[in-house]
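Working notes, structure below.
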Amino acid sequence: MNAEIQSEDVKVKPEPTEASLQPPPSEWALLRKRVEDNSYSEAAWNALLDNAEDSSDLEKIKEAYEALLEKYPNTSSAQISYLNHFLTNQATFPFAEALFARFLRTSASVDLWKFYIIYVRRRLNVGPTTRDTVAKAYEFALQHVGQDKDSSDIWAEYIQFVKSGEASSTWEEQQKMDTLRKIYQRAVQIPLENVEMLWKDYEAFENSLNKITAKKFLQDLSPAHMQARSKLRDLRQHLGPLLPPAHPTNGARAALNLPHKPTYVQNDRSLAGAWKLYLRWEESNPLEIEDKVALTTRLQGVYRKAVVRMRFFSEIWFMAYTWASGAGRADEALALLKAGIEANPTSFLLNFALAESFEIAKNYVEVHATFNRLLQSMHEDLEDLKVKSDDEAAQSSTSDSVPGSAGTADASAENGDVQNGGGLSKEASFATTKTTSSSSSSPSEVPPHTENLRERQQEYGLVYIMYIRFALRAEGVDASRAVFGKARKDKWTTWEVFESAALMEYHVAKQLGVANKIFGLAHARFPNEVDFVVRYLTFLMSVNDENNARALFENAAATFDPEKARALWERWARYEYQYGNLEAALKLEKRMAEAFPKDPPIKRFAQKHSYANIDGIANRDLGVSQARKEKAAREKAAAGLQRQDTIPAINGGAPPSSASQSQVYGSGTTNFGGPGGGSFRRPQSVEREPRERERRRDETKAGMPPLKRSRDFSPPPRDRERERERWGGGGGNRRYGSPASWPDRGERVDRGDKGDRGDRERNRERERSPPRRNAVEREEPPRPVIPQVLNWFVGTLPPPETFDGPVFRTDDLMQVFRNAVIPGSGATRSRSPSIAVRPTRPPPDYGPYRGPGGRGGRY
């Protein structure tokens, strides 16, 4: 009994696992994991560098900066901060010099080269014996970045360095002057930030030596210098938004200013467009540099700076590659492609360009390696997207639909294998199941990650198509079949790969049987892809295999929903109309009328009597030809605004130049320009004038101050009652300029002649001075006719609700305009202009008397 009690009291302790025995990860390990998971976050990199620098451990500092520079090479701010840690102790100078040798080889950063010159001057302690070495360092720096507009400090320091040199003889003095002249002449022809100051210094330098020769030297260099000054303004306009100044994060380290990964929103597209515009401007040689070496050096520096700032934009890398190839720098072009792929491993542009360059060089091994690397990178991305898509689907699914879902998927996969004869692999079954589920859902219900997964899968298939195409043209049919065999085993392969391989077998290898076999495999793997069935049907028609084509159509027509398979029906109808008999065509029309009851009979009849894009019924009987001519005329008129791409959207569904019959015949009635059909007329511009007047009237009724005072040529109101309400009183029939206190017409009639005399006096007064018209009884002027192009332009403007900028109160803006001081007026503009009072007697004229009828006399 006691033993039992003791056994019950003793609690069995769980044995420690391997995970529980491990110590918790350190802060350093967590920061390293953070930058690995989010390598595009500048904040994560700053946290890692701060941790390494706070520890004062050189090994951690090396590890942190090497990891950063591996992801972002040629980032000058990081390179300078990295070097600073090894320039405080003379024992670490050799490592710093090794870093300089590594960084400067491909750097176009002026700051890094200035840092290098500072190190050289400090290390050598400039003296008579080391001046040549320092001068070589300056020349070395200017050879790489001397064409940069920000290298002005290096030029100025170099000039001061040469000036400070001592000359012990006349010959050395002459050599010094010649060296200075050469430096000045090189610098004043470059659009540097201080080019004007350098020119003034050069003028003073030449005039101090010999004014006669100075005039000749300055006259020869003046055109090139003026051009440099002119292009400096263009450079500032180009580079201002492209290279913003970096702000320091703290006193110890400058901001990293890392390039961002684009999402290709409007800002990213605008930035890429600005860079492309600048690069094309530089390639046009605006400075008219005749020295090819100098021009190449300048463009090389420009492109190096561009790929650093736009590291994750493949198009900029491709522009750099294209320029280097055109300049005859094949090795540099190849290095640019490899560096660009390192930054953008899934870039189609760069990988295809690299594969093509290797293929031109007959280096087929590297071509295979390039395609395999691209496929591997995209395969990893697809797996990640699949996980995200599954998580998204799991979160959106309901709780009662979750049980048994896995078993259903497995069962459907097994059924698919049985129906297909058991010839499909597990990967093929997975693809079929995934395709079936994706085909059954509408695009509006597809989650974002799922839609992205579809697009990436099609792109993945495109890589295989390009790979098969290369193998076929470079190494033959056997090599292409080997690549296709690899693609068949890949679960992410799309039906486009099968179609491409089949067509290559048919057109290149002349193997119709092999092509049919590949199409059959694809049909078994992708039975629910309508687009593939249409392409398969088209192939069978092209090889005149009518029996199999008819069997495929009948099978697909019984499987797919008619609306989903409309393209299939349309394709088979064209075949029947073209090559079948009338009885078969009429029978098909009857079936299509049942499948598509909303289609008008005239559509089928016209399709039966058309060929290619020639539709006589639409042109002659429905007026489509005239509508196309009018549309072409409108596009020609709008070509000046360069907005042809928006015309179809504005026309409200007008058929294009080669409109399909479904667009022409519509549903039920044919109406061009009417309410029910596509309108060929531009939308009318919004009438803003009446709405503005209604708004003013409402504000006046509500007691709100008017936004602006009435002017002489303001549009008049539509009724007199509104003016009575606005001005407060019954003066609805008052004349122009009459005050509100004047009596109305009836009161003047009662007063008789006295009223008439008053009216005559007032009329004479108005003849002397311009009236203040309140637009009470003015006749409404004819409405201006808006030009057709302007009417179209107003129709293209986005709706007001799409505006996302700052919103200002209109009455505040009008108050600012009222109180604005016009320059030169000398006083603030008054709210209401005063009536100019004409003097009763003109000033005396003391000119010669010209007689009673003389022209120009005053009396």
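Treat the numbers as computed from the prediction; the structure is a model and nothing was measured.
One side chain, Arg269 or Gln266, offers a donor N or O that lies under 3.5 Å from an acceptor on the other. A side-chain donor-acceptor contact under 3.5 Å links Thr106 and Asn74. Inspection of the Tyr65 and Glu53 side chains reveals an N or O donor paired with an N or O acceptor under 3.5 Å. Side-chain atoms of Glu383 and Trp492 include a donor-acceptor pair closer than 3.5 Å. Side-chain N/O atoms of Arg253 and Asn46 include a donor and acceptor closer than 3.5 Å. Side-chain contact annotation: Tyr460 with Asp381, donor-acceptor N/O pair under 3.5 Å absent. In this structure, a donor-acceptor pair under 3.5 Å is absent between the side chains of Glu282 and Tyr303.
By the 4.5 Å heavy-atom criterion applied to side chains, His85 and Lys62 are not counted as neighbours. A 4.5 Å side-chain heavy-atom check between Val145 and Asp150 finds every atom pair outside the cut-off. The shortest side-chain heavy-atom distance between Val367 and Phe371 falls under the 4.5 Å cut-off. Residues Leu336 and Phe318 are not in side-chain contact: their nearest non-hydrogen atoms beyond the backbone lie 4.5 Å or more apart. Side chains of Met319 and Arg280 form a contact here, defined as non-hydrogen atoms less than 4.5 Å apart. Using a 4.5 Å heavy-atom threshold, the side chains of Glu356 and Ile360 count as touching. Within the 4.5 Å cutoff, no side-chain heavy atoms of Thr75 are placed close to those of Leu68. Contact of the Arg229 side chain with the Val195 side chain is registered, since non-hydrogen atoms from C-beta on lie closer than 4.5 Å.
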Next item on the list: Starting from the C-alpha separation in whole Å, work towards a yes-or-no answer on ring-ring contact (aromatic ring centres under 6.0 Å, His included) for Phe100 and Tyr119.
Entry: CA-CA 10 Å; Phe100 272 124; Tyr119 166 75; 5.2 Å; yes
Notebook entry, point to check: Taking it one step at a time, do Trp317 and Ile341 satisfy side-chain contact (heavy atoms from CB on, under 4.5 Å)?
Noted result: CA-CA 9 Å; Trp317 286 98; Ile341 292 173; over 6 Å; no
Next item on the list: Using the ring-ring contact (aromatic ring centres under 6.0 Å, His included) rule, take Phe103 and Tyr116 through it: C-alpha gap first, then chi angles, then the decisive distance, then the call.
Entry: CA-CA 10 Å; Phe103 295 158; Tyr116 164 71; over 10 Å; no
Next item on the list: Let me see the working for Arg373 and Leu354 under side-chain contact (heavy atoms from CB on, under 4.5 Å), right down to the final yes or no.
Entry: CA-CA 12 Å; Arg373 281 194 302 267; Leu354 183 63; 4.3 Å; yes
Item checked: side-chain contact (heavy atoms from CB on, under 4.5 Å) evaluation trace for Glu42 with Tyr72 -> CA-CA 11 Å; Glu42 186 169 343; Tyr72 299 94; over 6 Å; no
Notebook entry, point to check: So Tyr138 and Trp155, ring-ring contact (aromatic ring centres under 6.0 Å, His included) or not? Walk me through it.
Noted result: CA-CA 8 Å; Tyr138 274 111; Trp155 285 101; 10.0 Å; no
Checklist line | Stepwise side-chain hydrogen bond (donor to acceptor under 3.5 Å, both in side chains) check, Tyr464 with Arg469 | finding: CA-CA 8 Å; Tyr464 264 121; Arg469 185 186 298 178; over 6 Å; no
Note to self: Under the criterion side-chain contact (heavy atoms from CB on, under 4.5 Å), I'd like the reasoning laid out for Val387 against Asp384: C-alpha separation, chi angles, the key distance, then a yes or no.
What the structure shows: CA-CA 5 Å; Val387 173; Asp384 294 340; 5.7 Å; no
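For the pair His225 (side chain) and Gln189 (backbone), a donor-acceptor distance under 3.5 Å is absent. Looking only at distances, a side-chain donor or acceptor of Thr92 sits under 3.5 Å from a matching main-chain atom of Asn89. Judged by distance alone, the side chain of Ser39 and the main-chain N or O of Glu36 form no donor-acceptor pair under 3.5 Å. Without hydrogens or angle criteria, Asn257 side chain to Ser77 main chain gives no donor-acceptor distance under 3.5 Å. Using a distance-only test at 3.5 Å, with no hydrogens or angles considered, a donor-acceptor pair links the side chain of Ser41 to the main chain of Ala44. Put simply, the side chain of Asn344 gets close to the backbone of Gly340: a donor and an acceptor are under 3.5 Å apart. In this structure a side-chain-to-backbone donor-acceptor pair under 3.5 Å is missing from Ser81 to Ala78. A donor-acceptor pair is defined here as one N or O able to donate and one able to accept, closer than 3.5 Å; such a pair exists between the side chain of Gln227 and the backbone of Pro286. Looking at Thr370, its side chain does come within 3.5 Å of a backbone N or O of Glu366 through a donor-acceptor pair. Side-chain atoms of Ser347 come within 3.5 Å of backbone N or O of Leu350 as a donor-acceptor pair.
Atom OG of residue Ser325 and atom CG of residue Leu334 lie 9.0 Å apart, to the nearest 0.5 angstrom. The CG atom of Asn267 sits 8.0 Å away from atom NE2 of His260, with the distance rounded to the nearest 0.5 Å. One distance of note links CG of Leu112 with CD1 of Ile80; it measures 5.5 Å at 0.5 Å rounding. Annotation: the span from Arg309 atom CZ to Ile316 atom CD1 amounts to 12.5 Å, rounded to 0.5 Å. If you take NZ on Lys149 and CD1 on Ile190, they are separated by 13.5 Å, rounding to the nearest 0.5 Å. His238 contributes atom NE2, which lies 5.0 Å from atom CG of Leu277 (distance to the nearest 0.5 angstrom).
Judged by the 6.0 Å distance and 45° axis criteria, Lys486 is not positioned over the aromatic ring of Tyr467.
When all heavy atoms are compared, the tightest approach of Ser151 to Gly146 is OG-O, 3.2 Å. Closest non-hydrogen pair, Arg456 versus Met378, comes out as O-CE, 4.0 Å. Across Pro191 and Leu232, no two heavy atoms sit closer than the pair O-CD1, 3.5 Å. Taking every heavy atom of both residues into account, Lys60 and Trp28 meet most closely at O-CH2, 3.6 Å. Taking both residues in full, the closest heavy atoms of Ser107 and Trp113 are given as O-NE1, 3.4 Å, listed atom of the first, atom of the second, then distance. Taking both residues in full, the closest heavy atoms of Val497 and Ile465 are given as CA-CG1, 3.9 Å, listed atom of the first, atom of the second, then distance.
Annotation: Tyr364 is not in aromatic contact with His368 [ring centroid separation under 6.0 Å not met]. Between Phe313 and Trp275, the gap from one ring centroid to the other reaches at least 6.0 Å. Taking the ring centroids of Tyr40 and Phe312, they lie under the 6.0 Å cut-off.
The local environment of CD in Glu157 is crowded, with over 12 non-hydrogen atoms from other residues, nucleotides or ligands closer than 6.0 Å. In this structure, Asp54 places its CG atom where more than 12 heavy-atom neighbours from other residues, nucleotides or ligands lie under 6.0 Å away. Counted within 6.0 Å of CD on Glu70, heavy atoms from surrounding residues, nucleotides or ligands total 12 or fewer; the atom is thus considered open. Heavy-atom neighbours of Lys33 NZ from other residues, nucleotides or ligands within 6.0 Å: at or below the threshold of 12. The number of heavy atoms from other shown groups lying within 6.0 Å of CD (Glu139) is above 12.
A salt bridge links Arg102 with Glu66: at least one charged nitrogen is closer than 4.0 Å to a carboxylate oxygen. A salt bridge between Asp148 and Arg298 is absent, with no side-chain N of the basic residue lying under 4.0 Å from a carboxylate O of the acidic one.
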